There are 2 protein chains.
Amino acid sequence: VLTTDVAIVGAGPVGLFAIFQCGMLGLRTHVIDSLDTIGGQCIALYPDKPIYDIPAWPVISGADLVEQLRRQAEPFTPVYHLGQEGLSLERLPDGRLRLGTTAGILLEAGAVIVAAGAGAFQPNRPPLPDIEHYEGKSVFYAISRREDLANKRVVIAGGGDSAVDWALALVGLADSVTVVHRRAKFSAAPASTQRMLHLVERGEIELVVPYQLHDLAGADGRLEALTVSDTEGRRRDLPADALLAFFGLSTDLGPLSRWGFCVDKQQVSVDPTTAETSIAGVYAIGDVASYANKPKLILTGFAEAALAARAILSKLRPGDALHIEHSTTKGVPGLGRAA
Amino acid sequence: VLTTDVAIVGAGPVGLFAIFQCGMLGLRTHVIDSLDTIGGQCIALYPDKPIYDIPAWPVISGADLVEQLRRQAEPFTPVYHLGQEGLSLERLPDGRLRLGTTAGILLEAGAVIVAAGAGAFQPNRPPLPDIEHYEGKSVFYAISRREDLANKRVVIAGGGDSAVDWALALVGLADSVTVVHRRAKFSAAPASTQRMLHLVERGEIELVVPYQLHDLAGADGRLEALTVSDTEGRRRDLPADALLAFFGLSTDLGPLSRWGFCVDKQQVSVDPTTAETSIAGVYAIGDVASYANKPKLILTGFAEAALAARAILSKLRPGDALHIEHSTTKGVPGLGRAA
């Protein structure tokens, strides 16, 4: 069991700034995130996209924003627990909270800040019977090693960038590449779609449109073929050793939604002056938190991090809360004291 | 009479960010400030001081923060009216507001955002009879041209950096330099104080401590001498052509405090979910605005700017308010559209 002052769930921009805000008030933090890296959506979905509404940054990329926030948090030596979700939450007899993660880590903290954004990212699964028995063996929603698909008959389902880019990347490596899409038009980058259609003409990629996935055939997690169908119910069987299904990501609060706070449309209601949820000692900030008139801005989450940190300090160390100083007079560890 | 969507009172960091937030929603802005330059306290009081708690800036100087915010606001072509204070506020028959400044400018706007910080800066005046008749002629609280003091008998009152730095700067130029301070210890930078004491030993500066200003003598605004007294009432007369009094700055909401909103301890009460004051259409953000549990951070003022801009849009253009987009999809004028 690890102990800390504050457990932060979510290492996106707002969670990272919560480390800093807690740190400035002398509160130590541990941080959990379902992704294997910090930065949340900024890193997972739009690392290169320009962001214009961070104060005092006329423009900054998602990746640079996360790097700046990581550096700002670093002097407070946060402990990161990545690749795992917050799973269980229980109240200890002394009023502290015990948070369990999906990786089995137990964290005891005086307070919990949920900065989970829209929740953990999950690939959208096609609704096929028994698909779970094939996942990770012959059905994949993401590729970590391209070489694993060498000499396989690969079927790719989807019409966006992931589907098209992987079709292009696997030509010449896989035994065959077949792309199944529910309509003839692709939403991938036009240049990539053109390249794919050129390879279809040359017979290097087979295009199966407009068809949708209908059924899987195989045994023990090893795919042998899959059935696709069109809108009129006509079916085709496609031999396949691997299915790559790229139907986008959905977000889901997952186990957090069962912690017991008031959740409405994947959002947690909070007191706008403290960011506290309906569970005492549990705070929610950023996109996951809702209250009247709230602007959905990263900036607003930053300000909520400051509110939550102050509310937590008042609760955990009522004496210290009277002596909150401005950073400009207090300085930051490792950066020295201001003049 | 000038017309605009939003009149912003105060061009400190929070006022500058309000230009950006309004601009992103298509609201044009005019901005008033009592100083001759934008930046407020950040520029006037601590341009070189490191600030640690601006999100995504591990450290930034006051001057750099203001420059970043100025650049971020620039695409929205704000109109600045500097060197003047907001003076009068009246409601027009159509519900719009007319704001008059101390320089005689009239601004008609759909809404007013007060981002006045602690208010306009004023030098603290020593409580001497008739001092107002000498001000600007032979009694000064700030020096714009050092040469104006050439060959004068100068008395400097105060014990901080301004007093000591000006004493050092006038040796050799003024006919005589006398420093009056109510105690023997100076609060200026130690190195500067040492240099001054060295010049005192050499007879180039006369030190009169512990004494306070007691009276002025002269006629038609021309100082001839002043009287100082110690705590036991002993007096000394000092011949003087000029008095430089450096007793720091005080801040004051000034005419704003008579606009009719609820003011308590130089702060304006606002609705924390909209930043609206008790006067409909008038909003207050940043240090001047107060509500329960508010952290006194620049960041919090930034978030309030976003709240106020949205509340103003809902009121002025209810149709537009339904279509607020994220900056990341919308882009910024002059910076192009995001990918």
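All heavy atoms count here, side chains included; hydrogens, waters and symmetry mates do not. In what follows, every chain begins at residue 1, and chains take the letters A, B, ... in the order their sequences are listed. Note that the structure is a prediction, hence the values are computed from the model and not measured.
- Looking at A:Gln72, its side chain does come within 3.5 Å of a backbone N or O of B:Tyr52 through a donor-acceptor pair.
- Listed here is the closest heavy atom pair of A:Pro55 and B:Leu69: C-CD2, 4.3 Å.
- Scanning both residues, A:Pro58 and B:Gln68, for their nearest heavy atoms gives CD-OE1, 3.1 Å.
- Of all heavy-atom pairs spanning A:Pro295 and B:Leu307, the tightest one is CD-CD2, 3.6 Å.
- More than 12 non-hydrogen atoms from other residues, nucleotides or ligands lie less than 6.0 angstrom from CZ of A:Arg28.
- Among all heavy-atom pairs drawn from B:Leu65 and A:Ala56, the shortest one is CD1-CB, 3.6 Å.
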Does the side-chain contact (heavy atoms from CB on, under 4.5 Å) test come out yes or no for B:Leu299 and A:Gln21, once each step is laid out?
-> CA-CA 11 Å; B:Leu299 159 64; A:Gln21 284 290 336; 4.0 Å; yes
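- In this structure, the portions of B:Phe302 lying under 4.5 Å from any heavy atom of chain A include both its backbone and its side chain.
- Expressed to the nearest 0.5 Å, how far CD1 of A:Ile54 lies from CZ of B:Phe20 amounts to 9.0 Å.
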